[in-house]
Amino acid sequence: MSCRSLSVKWLAALLLLGAGSAAAHVSEMGLVLLLPTEIYTAAGAWVVALTVVALAVVPARVTHGMLQPRRLGPRLPRVGEMVPSLAAAAVLAGLVVAGLTGTRDPLANPLPLAVWTVFWIGLVTVQGLAGDLWRWLNPWTGLARLIAPEPVLRLPERVGCWPAILSLLAVAAFAFAHPAPDDPAVLAQAVAAYWGLHLVGCVLFGPEAWLARGEGLSLMLRLFAGLAPVGGPGLCAGIPGWRLAEAAPGTASLGLFALTTLAIGSFDGLNETFWWLAQIGVNPLEFPGRTAIIAETLGGLLGTTLLLWAVFGAAVWAGLRIARADVPLGQAFAALAPTVLPIAFGYHVAHYLTTALVNGQYVQAAMADPLGTGWDPLGLGPVTVTTSFLNTPDSVETIFQVQAGAVVLGHVLSVLLAHAAALRLIPEPRRAAISQIPLAAFMIAYTFLGLWLLASPKGA
């Protein structure tokens, strides 16, 4: 066993001590193991390391200049949110009815396809590339404003983003630990309960406040939208993440939320690997089913999140100490933690790419025959689902290169955003660069982990 393999496995153990088991996803990744993935992993880590070195030596004005957007045109007119939000609520209601009354096949019923493929993979990805579409498509704003034009209560500032953190963890717990999260009837009940709970929050506290700090999916989507290269307040364009660099400093709880998105993605990848199943005593060739490992999965999700919070916080603290920076830890943490969002988004794209390529065909098939009666309202014709592109080395190599590129690009952007944030905290460039040493080590190590997760065989 190579030293590199040992170091990757040690890192995975360090980041995920005490965590537990596994969620099932489409994972036709067997041929990826035949590729020289160690070369990709080493190259990706070197790219991130060289980025760290380059940013440490270039003048601060160059770093800030890279994050300056270019105005493309006048400020875009504000479009009303009521009508599209009400339409989204109506579509969601129809999907829930389909989940309760339609076929129990999750690859034919429109509800699981809409939730896990169209929304969780497709919309989240588009959100990070094109901007905040969810602002108009969320199914709460329109109805909440019809019920209560003004908030009934004020959401206390001291609550921070903790309701959103708990909300996002609850979604992840359902996705990873429930024995059948894609069963249409089960999913319909979960979606209806989730929608109803957060509608109450929107009515009581107003949709602006609640969707920004109380509902986890909306906050995650809003933060990912800040990575889009084109956006507001006017019509501007820049490198991905420039809007995060320009955003006003957040709170410590917002930083914890950003780290939670990364922890969830990391655990989602790790809990499918042979390595992880071995740690919890499960033979991947005799997988006992999700019901047997619910407690391990929930413990793993929570343990991953808490440990990532602690490791990142320790890196920030160590950086301040070695740079002898007179900056409060809470302030530094709040400024630096959101810079992991490009990593979380890049891994999201990479992790779900093969699933999107396969399940996207099932979405097309469902659109061609939404009622299962042979009716073809869109004229798409018969759709044959194929996975043949996962059976040839050339196509698999291309897919892995795209996945690895997404992971490495996410880390490079995070290094840039973190360095820019450090320069705002510590105006002296040399001390700012020194303060980034522990965080840079963290991001380089996480590059190894992310690429190792992509290349590892999956057994659950």
Side-chain angles (χ1 to χ4, degrees), residues 47 51 55 61-85 87-88 117-138 141 207-208 211-212 215 217-250 254 257-258 261-262 265 335 337-353 356 360 402-421 423-424:
V47 169
T51 303
L55 289 173
R61 66 177 183 277
V62 175
T63 300
H64 292 307
M66 286 189 289
L67 293 167
Q68 288 299 312
R70 180 171 298 179
R71 183 170 292 277
L72 300 179
R75 185 181 182 90
L76 296 175
R78 184 179 179 87
V79 180
E81 303 167 7
M82 285 283 291
V83 173
S85 178
T117 302
V118 175
F119 172 80
W120 185 248
I121 299 177
L123 182 60
V124 171
T125 300
V126 171
Q127 188 87 354
L129 298 175
D132 197 2
L133 302 178
W134 185 245
R135 172 180 169 185
W136 293 279
L137 297 179
N138 80 79
T141 298
E208 292 83 3
L211 297 182
E215 198 275 299
L217 294 175
S218 293
L219 179 53
M220 180 188 73
L221 287 167
R222 180 172 67 83
L223 292 176
F224 280 168
L227 301 174
V230 178
L235 184 57
C236 300
I239 69 170
W242 66 267
R243 284 188 288 172
L244 286 180
E246 287 199 339
L254 181 62
F257 182 90
T261 66
L262 178 58
T339 65
V340 304
L341 288 168
I343 300 176
F345 180 73
Y347 187 74
H348 179 93
V349 173
H351 178 65
Y352 290 111
L353 179 58
V402 173
Q403 292 174 309
V407 171
V408 174
L409 178 59
H411 282 81
V412 168
L413 290 173
S414 285
V415 169
L416 174 60
L417 292 175
H419 187 66
L423 288 171
R424 288 191 294 270

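Heads up: numbering here begins at 1 and tracks the sequence.
The shortest distance between side-chain heavy atoms of Leu417 and Pro342 falls below 4.5 Å. The shortest side-chain heavy-atom distance between Leu217 and Phe119 falls under the 4.5 Å cut-off. The closest side-chain heavy-atom distance from Leu353 to Val402 is below 4.5 Å. Contact annotation: the side chain of Leu423 approaches that of His419 to within less than 4.5 Å [non-hydrogen atoms, C-beta and beyond]. Between Thr339 and Leu244 the shortest side-chain heavy-atom distance does not fall below 4.5 Å.
Gln127 is linked by a side-chain hydrogen bond (donor to acceptor under 3.5 Å, both in side chains) to Asp132, counting only residues two or more places apart in sequence or in another chain.
Here the CZ-OG1 distance, from Phe345 to Thr261, works out to 11.5 Å after rounding to the nearest 0.5 Å. Annotation: the span from Leu416 atom CG to Leu67 atom CG amounts to 4.5 Å, rounded to 0.5 Å. Here Thr125 contributes atom OG1 and Phe224 contributes atom CZ; the two are 9.0 Å apart, rounded to the nearest 0.5 Å. Between the CZ atom in Arg222 and the CG atom in Asn138 there is a gap of 12.5 Å [rounded to 0.5 Å].
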- From CA spacing to verdict: side-chain contact (heavy atoms from CB on, under 4.5 Å), Tyr352, Val124: CA-CA 11 Å; Tyr352 290 111; Val124 171; over 6 Å; no
- Message: Using side-chain contact (heavy atoms from CB on, under 4.5 Å), reason through Val230 and Leu235 one step at a time and then give a plain yes or no.
- Response: CA-CA 7 Å; Val230 178; Leu235 184 57; 3.7 Å; yes
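Nearest heavy-atom pair across Ser218 and Trp134 is OG-NE1, 2.8 Å. Taking every heavy atom of both residues into account, Leu227 and Leu341 meet most closely at CD1-O, 3.9 Å. Contact between Trp242 and Ala237 at its shortest, heavy atoms only, is NE1-C, 4.0 Å. Between Pro69 and Cys236, the shortest heavy-atom distance links the atoms CB-CB, 4.0 Å. Taking each heavy atom of Ile343 and Ser414 in turn, the nearest pair found is CG1-OG, 3.1 Å.
Note: Trp120 and His348 have perpendicular aromatic rings, judged against thresholds of 30 and 60 degrees for the angle between ring planes.
Under the 3.5 Å distance criterion, the side-chain polar atoms of Ser85 are matched with a main-chain donor or acceptor of Thr141. Without hydrogens or angle criteria, Arg243 side chain to Ala225 main chain gives a donor-acceptor distance under 3.5 Å.
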